[in-house]
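Comments concern the structure below.
Heavy atoms only: backbone and side chains are in, while hydrogens, waters and symmetry mates are out. Proteins get letters first, then strands, A, B, ... in listed order; numbering begins at 1 in each.
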2 protein chains.
Amino acid sequence: MDVSTEVLMDIFKNRGIRSSYTRMRIMGYMAANRNHPTADEIYSRLIEEIPTLSKTTVYNSLNAFVEAGLARVVTIEDNEARYDVDVSDHGHFKCQSCGRIFDFPVDMDCIEPKALEKFRINKRDVYFKGICPGCLDNK
Amino acid sequence: MDVSTEVLMDIFKNRGIRSSYTRMRIMGYMAANRNHPTADEIYSRLIEEIPTLSKTTVYNSLNAFVEAGLARVVTIEDNEARYDVDVSDHGHFKCQSCGRIFDFPVDMDCIEPKALEKFRINKRDVYFKGICPGCLDNK
DNA sequence: TATCTTATTGAAATAATTACAACTTTATTA
DNA sequence: TAATAAAGTTGTAATTATTTCAATAAGATA
């Protein structure tokens, strides 16, 4: 059992979800590839190394992570859910040309809180779309 | 032809999309019911009065409105697209208890622009989730 | 009014996600 | 360490939102 495996097992235990080989691989993939992957992208990549992997398991694991607060869903597009292991407050920018998703800092306190004084806020998402610098240059 | 019909025909013409009875009814529904309805909600409501209405037509019309800048898509939930005739900058709050969606003002300039200096931004969405005051009281 | 373009319709296709039941693995405790 | 209970994994099938497509109808233009 290598160090990162041990670390992941600890994280799972602390969050009250059971460890398993599959979950560690899925979480490991997300930690290493911060591309905000879809469930299908994770499945396609891991099936090469875990031939018995089921797509249902990927969905189950991702849902477990989200419930445990280890990941968040990014619904910047209406036809697919993406997953992000960075659960701290930040915004997401999707390039309409290359499709890549960029993180950017957001000062959430600065977003009009007065109108929402009487609301309990559990989740904050800021989604921008446009063209990234790389794609602007290639035009 | 009543006044609002005439107004809608003008709006469509100005935006370069063709007028039709169905489109005017769909746009009329959205203008009267600012609940950020789904395509299905619009369809279910209008089929009572337009028995030949097709769900495909609802989707086609909504897409036409969005392309023409007459509506925006609200993807606050990953399994359904909602539509909003208010295309001005504002945030959306979804109550996780009653499901209602509330609008709230957002100062978009205040959202960290430095990191995105070199990006062209076409669309800005702010989605919050939590519990609305009404549901907090009923607890 | 004739004609061209665009909208509407409904059935079928697509694609993402979930439900479910059988089986396997993990964690717990004796 | 072995037995047991609880939870995870798998694959198929179901579900749901949305799109495709070809035929038909309606709107715009001259």
Side-chain angles (χ1 to χ4, degrees), chain A residues 1 5-6 8-29 36-44 46-47 49-68 70-71 73-83 99, chain B residues 1 5-6 8-29 36-44 46-47 49-68 70-71 73-83 99:
Chain A
M1 182 150 65
T5 302
E6 210 170 335
L8 275 179
M9 286 185 71
D10 259 17
I11 290 174
F12 288 159
K13 188 169 223 170
N14 289 340
R15 296 292 180 144
I17 65 174
R18 191 180 274 190
S19 301
S20 78
Y21 176 71
T22 312
R23 283 186 177 175
M24 287 190 286
R25 294 302 305 272
I26 294 173
M27 182 52 83
Y29 177 83
H36 315 84
T38 62
D40 191 67
E41 280 161 15
I42 296 170
Y43 171 78
S44 301
L46 290 183
I47 189 75
E49 294 171 22
I50 314 171
T52 62
L53 183 63
S54 158
K55 201 175 275 191
T56 301
T57 300
V58 176
Y59 278 107
N60 286 344
S61 302
L62 290 171
N63 288 339
F65 295 160
V66 171
E67 270 194 50
L70 291 174
V73 184
V74 177
T75 59
I76 197 168
E77 215 65 68
D78 61 346
N79 63 334
E80 63 184 19
R82 293 180 168 274
Y83 296 86
Chain B
M1 183 152 63
T5 304
E6 210 170 335
L8 275 180
M9 287 186 72
D10 259 18
I11 290 174
F12 288 159
K13 189 170 224 170
N14 289 341
R15 296 293 181 145
I17 66 174
R18 192 181 273 189
S19 301
S20 79
Y21 176 71
T22 311
R23 284 186 176 176
M24 287 190 287
R25 293 304 304 271
I26 294 173
M27 181 54 83
Y29 178 83
H36 315 85
T38 62
D40 193 66
E41 280 161 14
I42 296 171
Y43 172 79
S44 301
L46 290 184
I47 189 73
E49 294 171 21
I50 315 171
T52 62
L53 183 64
S54 158
K55 201 175 274 191
T56 301
T57 301
V58 176
Y59 278 107
N60 286 344
S61 302
L62 291 171
N63 288 339
F65 295 161
V66 171
E67 270 195 49
L70 292 173
V73 185
V74 177
T75 60
I76 198 168
E77 215 63 69
D78 61 346
N79 63 334
E80 62 183 18
R82 294 180 168 273
Y83 296 86

Report task. Step by step, work out the ring pair (Phe, Tyr, Trp, His ring centres under 6.0 Å) result for B:Phe12 and B:Phe65. Result -> CA-CA 9 Å; B:Phe12 288 159; B:Phe65 295 161; 5.6 Å; yes
Query - side chain to side chain contact (heavy atoms under 4.5 Å, CB included) evaluation trace for A:Ile76 with B:Thr75 - result: CA-CA 7 Å; A:Ile76 197 168; B:Thr75 60; over 6 Å; no
Requested in this report: List the steps and the verdict of side chain to side chain contact (heavy atoms under 4.5 Å, CB included) for B:Tyr43 and B:Thr38.
Outcome: CA-CA 9 Å; B:Tyr43 172 79; B:Thr38 62; over 6 Å; no
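Note on A:Ile17: nothing from the nucleic acid sits closer than 4.0 angstrom, heavy atoms only. As judged by a 4.0 angstrom heavy-atom cut-off over every strand, B:Ser19 is placed among residues touching the sugar-phosphate backbone only.
Comparing B:Ser20 and B:Glu80 by the nucleotide of DNA chain D whose heavy atom lies nearest to each, the residue mapping closer to the 5' end is B:Glu80. Nearer the 5' end of DNA chain C, as judged by each residue's closest nucleotide, is the contact made by B:Arg23, out of B:Asp78 and B:Arg23.
Using a 4.5 Å cut-off on side-chain heavy atoms (C-beta onward), B:Leu70 and B:Ile17 make contact. At least one side-chain heavy atom of A:Ile42 sits less than 4.5 Å from a side-chain heavy atom of A:Leu62.
Of the residues in residues 54-64 of chain A, A:Ser54, A:Thr56, A:Thr57, A:Asn60, A:Ser61 come within less than 4.0 Å of DNA chain D through at least one heavy atom, sorted by number.
Straight-line distance from the CG atom of B:Leu53 to the P atom of D:dA25: 17 Å, rounded to whole Å. Rounded to whole Å, atom P of C:dT6 lies 15 Å from atom NZ of B:Lys13. Here C:dT8 presents its P atom at 14 Å from OH of B:Tyr43, a figure rounded to the nearest Å. For B:Phe12 and D:dG27, the CZ to P distance is 13 Å, given to the nearest whole Å. Between the CZ atom of B:Arg82 and the C1' atom of D:dA17 there is a distance of 13 Å, rounded to whole Å. In this structure, the CD atom of B:Glu77 is 18 Å from the P atom of C:dA16, given to the nearest Å. To the nearest angstrom, C1' of D:dT9 lies 16 Å from CZ of A:Arg25. Rounded to a whole Å, the CD atom of B:Glu41 is 15 Å from the P atom of D:dT16.
Each end of the helix from C:dT1-D:dA30 to C:dA30-D:dT1 yields a helix axis from five base pairs, and these two axes differ in direction by 40° (to the nearest 10 degrees).
For the pair A:Arg25 and A:Glu49, the salt-bridge criterion is met [side-chain N within less than 4.0 Å of a carboxylate O]. A salt bridge is absent between B:Arg82 and B:Glu77: the closest approach of a Lys/Arg side-chain nitrogen to an acidic carboxylate oxygen does not fall below 4.0 angstrom.
An OP1 or OP2 oxygen of D:dA6 is reached within less than 4.0 angstrom by no side-chain nitrogen or oxygen of A:Arg18.
Residues B:Val66 and B:Val73 approach most closely at CG2-CG2, 3.8 Å, considering heavy atoms.
The list of side chain to side chain donor-acceptor pair (under 3.5 Å) pairs with a residue in residues 53-64 of chain A, not counting sequence neighbours, reads A:Asp40-A:Lys55.
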